[in-house]
Amino acid sequence: MSRPRQGRPATPCAAAARPACALLVALSAGCATSAAAPGIAADACTAAATSAAPAIRIAVGDRIDPRNAPVPTNSDERLLFAQIYEALLRVDCNGAPVPALAESWSASPDRLTWSFRLRQGIRFSDGTPLDAAAAATSLSTSNLPALAAVAAAGEQELHVRLNEPQNAFFFAQPALSVTRVTGAGAWPVGTGAYRPEPDTRGLRLVRTQPDPAAPDTLRAVRVPGDDPRGALDSGVDLLMTAHAATIAYARLLAEYAVRPLPWNRTYALVSPAGEGSILPEESERESLARDAAATGTRAAGMTSPAWCTTGAGSVSSRPAAATVAYPRGDDIARGMAERIAALSWPVDRTPTWLRMLLPPTVSAPLTARAVDADALLEEMRAGAGGLFVVAMRHCSGADPAYSAVAAAGLRTTPLVDARDHLVHRAGIGSITTDAAGTPRFGPVR
């Protein structure tokens with residue numbers, strides 16, 4: 001039995017006490033408890049602590065599409081969806097799983113069967129109470145291959161059977177946010193602190209329960225062009241960015257505060273699996289980090305969010321392509337791709353770690369190539385050849401980039417970590433961040 005986290009007593013998964021658990025745990029001899037503990041010190045994950053204005057304006061540069069909810073496809077959707085939707089668990093800024101909709105949880109020794117106890121008094125943003133049956137209905141429609149069965153036992157007990165072992169972080173992913181679908185094209189109804197409301201000027205989020213520590217209204221303001229500095233000139237209240245020039249500019253403006261968010265992603269070079277490879281020296285990774293961005297990058301290491309290497313196996317038979325592709329609009333990935341392309345020529349000066357990943361038939365410099373994010377993942381899954389620079393947030397099937405790598409049997413070489421910065425004016429209220437670097441307004445229950 002695993003050791004329970006300090007701060008909350010273990011919740012044994014005894015069949016006599018929990019009939020539904022007995023039904024789902026029939027394949028295991030017992031349950032290993034991983035009961036939740038209260039969050040870490042209140043100020044450890046605080047990104048801002050100011051008085052709250054009634055309404056604030058948040059700069060966004062990407063499209064916010066309700067059809068994607070609750071699973072974000074870009075950083076702006078990640079920020080806004082996090083205010084609307086909640087999963088069973090969340091991961092705090094130190095990387096520890098902590099309660100969200102579930103107040104405690106336990107797992108069988110094989111990590112295939114999980115039991116959750118939901119918090120009391122949770123409601124969807126339309127006022128509908130959340131019970132275990134509603135949570136089971138929502139999770140059952142997530143279409144994640146790892147989910148085998150979901151069952152409710154009473155008002156608060158929820159039990160999940162998986163097709164493959166997972167850790168607690170699996171249940172914190174946006175794809176497992178608990179929602180109610182009300183109609184085609186409409187926003188799914190969430191349980192978060194805010195709900196979306198129609199607005200002629202764009203997206204507006206309204207707090208479901210007023211709190212003096214949080215704004216009543218969050219208004220998304222479109223940033224024209226690719227340079228977020230214009231948003232600061234227009235007086236927005238909050239901006240989350242990895243744009244180095246914007247971060248430097250904000251630090252010159254007395255009315256703005258700049259806070260680095262947690263390291264939340266690892267950029268990896270993805271290549272066809274081959275006979276072997278070596279990791280670049282730390283000094284080489286540091287050089288790539290400096291070339292990728294002047295601010296908000298570091299050499300990837302053993303403590304990186306997605307430090308993993310994959311792809312051991314036979315030499316790939318996929319056709320070679322003399323390109324290194326990166327997701328369009330990602331400045332850090334672009335900087336890395338361009339630097340890797342520059343390092344590929346002349347061959348006699350190419351670093352050993354890169355030379356071992358290059359297709360043997362490539363006899364000219366690599367070319368950096370921008371590809372839309374979804375198309376890039378499809379190219380990886382299809383084994384289109386060539387190299388890719390992608391950002392991974394963790395090494396599990398819950399991460400789309402890692403899932404594509406695993407599906408195609410590709411190799412990953414972790415190179416650079418990155419994080420965003422929060423730029424804000426006074427009046428945004430209390431903000432806490434999680435391991436993904438996502439800010440949340442007001443107190444976290």
Side-chain angles (χ1 to χ4, degrees), residues 75 93-95 241-245 247-248 260-312 323-327 330-359 362 365-370 376 380 386-396 399 401-402 404-406 410-421 435-437:
S75 60
C93 68
N94 284 350
T241 184
H243 191 257
I247 296 167
L261 297 172
W263 299 100
N264 67 349
R265 57 196 185 275
T266 301
Y267 285 87
L269 182 62
V270 176
S271 60
E275 293 179 331
S277 68
I278 61 174
L279 286 168
E281 296 290 337
E282 183 175 3
S283 60
E284 294 176 297
R285 300 196 300 274
E286 289 174 347
S287 178
L288 280 170
R290 289 192 299 269
D291 291 334
T295 304
T297 58
R298 69 179 183 185
M302 297 294 289
T303 61
S304 294
W307 176 264
C308 54
T309 56
T310 62
T323 63
V324 51
Y326 63 91
D330 189 325
D331 291 338
I332 294 175
R334 176 180 56 80
M336 290 181 59
E338 290 175 349
R339 182 56 180 159
I340 290 169
L343 290 172
S344 69
W345 195 261
V347 174
D348 59 351
R349 295 185 182 180
T350 300
T352 302
W353 64 268
L354 178 56
R355 189 181 310 125
M356 294 182 69
L357 298 176
L358 292 176
V362 173
L366 294 172
T367 300
R369 178 171 61 96
L376 186 73
M380 290 166 55
L387 306 179
F388 304 86
V389 172
V390 296
M392 297 193 303
R393 295 179 181 268
H394 41 81
C395 300
S396 76
D399 184 282
Y402 182 87
V405 165
L410 302 176
R411 181 189 303 281
T412 61
T413 304
L415 297 175
V416 171
D417 291 342
R419 63 180 174 186
D420 299 314
H421 282 65

Can D417 and R285 be counted as an ion pair, charged N to O under 4.0 angstrom? no

As an exercise, state the distance from OG of S287 to CG of L343, rounded to the nearest 0.5 Å. 7.5 Å

Would a 4.5 Å heavy-atom cut-off, applied to side chains only, mark L415 and I340 as touching? yes

Residues L261 and R419: closest non-hydrogen pair is O-CD, 2.8 Å

Looking at residues at least two apart in the chain, or sitting in another chain, which of them share a side chain to side chain contact (heavy atoms under 4.5 Å, CB included) with S75? D62, R78

Sequence-distant partners of R339, salt bridge (Lys or Arg N to Asp or Glu O under 4.0 Å), two or more places apart: D291

Quick one: does S344's side chain have a donor or acceptor within less than 3.5 Å of a partner on L366's backbone? yes

Within a strict 4.5 Å, meaning less than it, do heavy atoms of the T309 and T413 side chains meet? no

Nearest 0.5 Å, what's the CZ-CZ distance between R369 and F388? 6.5 Å

At their closest point, which heavy atom of A292 faces which heavy atom of M336, and how far apart are they? CB-CG, 3.6 Å

Kindly give the heavy-atom pair with the smallest separation between A368 and A341, and that separation in Å. N-CB, 4.2 Å

Does T297 use its side chain to pair, donor to acceptor, with the backbone of V416 at less than 3.5 Å? no

Nearest-0.5 Å distance that lies between atom OG1 in T241 and atom CG in D420: 7.0 Å

Rounded to the nearest 0.5 Å, what separation is found between the OH atom of Y326 and the CG atom of L387? 14.5 Å

Quick one: are N264 and P305 in side-chain contact, heavy atoms under 4.5 Å? no

Could you pull out the closest heavy-atom pair between A289 and A299, with the gap in Å? CB-N, 4.0 Å

Check side chain to side chain contact (heavy atoms under 4.5 Å, CB included) between A435 and all other residues, then give those that pass, not counting sequence neighbours. V91

dist L288:CG -> R298:CZ (nearest 0.5 Å) comes out at 15.5 Å

Between atom CZ of R334 and atom CD of E338, what is the distance when rounded to the nearest 0.5 Å? 5.0 Å

Minimum heavy-atom separation for P414 to T412, with atom names? CD-O, 3.8 Å

Is any side-chain heavy atom of I332 closer than 4.5 Å to one of V389? no

Non-hydrogen side-chain atoms of L354 and P280 separated by less than 4.5 Å: no

Heavy-atom closest pair, residues T266 and S304: OG1-CB, 3.5 Å

